[in-house]
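All ligand and atom numbering here is 1-based and tracks the order in the structure.
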Amino acid sequence: MQTQIIDGKALANQKRAELKKRVEALVTPPHLHVIWVGNNPSSRIYVHHKELAGASVGIQVTTHHLPETSSQDDLLALIGQLNHSVDADGILVQLPLPKHIDESDVLEAILPSKDVDGLTSFNLGCLLSGRPQMIPCTPQACIELIESVEPDLAGKLAVIVGRSRLVGKPLFQLLLAKHCTVIQTHSKTHNLTDLTQKADILVVATGHPGLIGGADIKPGAIVIDVGISKMPDGHLSGDVKTEDVLGIASAITPVPGGVGPMTVAMLLENVVLAAEHRQNSSEED
Ligand code: GUN
């Protein structure tokens with residue numbers, strides 16, 4: 001079987017072209033505020049990508065880079081200020097945060113209408129109750145990538161490896177809403193391979209490079225590789241041994257160039273949505 005490599009960069013470019021038009025239709029350009037605490041080298045790259053991608057569609061991006069030693073109160077004070085600012089459509093706190101800061105406390109402080117990462121309890125709850133508002137970016141990117149090769153997901157068996165707040169948990173809800181039968185697996189799952197081998201759609205989001213190989217996959221499966229790890233020789237590796245699954249999977253996302261660029265495009269879409277809502281509701285005042 002010929003395995004299709006899903007071109008996340010090309011799909012993200014298409015999405016960005018659509019967003020650029022929506023931005024041009026707004027009275028003022030949307031403004032995204034990114035809060036980055038410390039000096040995590042991966043975060044530096046992710047934040048830079050967000051700045052460049054925002055600029056490419058006309059979204060203003062301001063990065064607030066705080067020192068590693070910042071207190072939780074410093075962070076909460078900045079979020080409080082941005083929550084009240086008319087010049088902030090979206091607020092994103094880059095993860096991970098330094099160990100002395102409670103991630104949940106910080107995420108919960110973001111006003112749900114400005115929570116462009118979709119990670120507050122409010123937005124996750126909206127997803128669970130079937131009335132989504134801001135949808136988390138990486139899971140939504142997975143859905144768009146899957147649908148680019150298989151528009152009809154009803155009845156498919158989807159297996160997710162990973163249960164994080166950022167990816168695994170919200171993705172379960174999104175796949176369920178597409179009428180998939182969904183199995184969520186994680187580090188304590190027994191006989192993981194028995195489950196992954198049954199998957200029509202396999203999404204792997206663990207951060208363990210090369211966890212999934214050819215023998216773990218059902219012939220014809222769609223494989224979405226969310227993991228991205230920097231290896232000692234400097235190259236980037238996903239959670240799936242891509243070479244191993246070529247010829248077995250029907251389609252796979254590459255690393256890099258798969259989920260990453262699409263995730264950034266989904267973030268920009270949430271920022272545009274937030275700005276559209278704000279500008280439409282102020283017209284009604
Ligand atoms: N760190 C890695 N991916 C993400 C993401 O999608 N959002 C945030 N806030 N932090 C991240």
| Quick one: do Leu95 and Ile110 end up in the same hydrophobic cluster if we chain Ile, Leu, Val, Met, Phe, Trp and Tyr together by side-chain heavy atoms under 4.5 Å apart? | yes
| More than 12 foreign heavy atoms under 6.0 Å from NE2 of His48: is that the case here? | no
| task | Return each pair, listed once, that meets side chain to side chain donor-acceptor pair (under 3.5 Å) where at least one residue sits in residues 81-98; pairs must be two or more places apart or across chains. | result | His31-Asp87, Lys50-Gln94, Asp89-Arg278
| Salt-bridge contact Lys20-Glu269 (side-chain N to carboxylate O under 4.0 Å) | no
| Distance from Leu128 atom CG to Lys169 atom NZ, nearest 0.5 Å? | 11.5 Å
Check: every ligand 1 N/O to protein N/O pair under 3.5 Å:
from	atom 1	to	atom 2	distance (Å)
ligand 1	1 (N)	Gln94	NE2	3.2
ligand 1	1 (N)	Leu95	O	2.9
ligand 1	7 (N)	Asp117	OD1	3.3
ligand 1	7 (N)	Asp117	OD2	3.1
ligand 1	9 (N)	Val93	O	2.8
ligand 1	9 (N)	Asp117	OD2	2.5
ligand 1	10 (N)	Leu95	N	3.0

| Distance-only polar pair, side chains of Asp105 and Gln72, donor-acceptor under 3.5 Å | yes
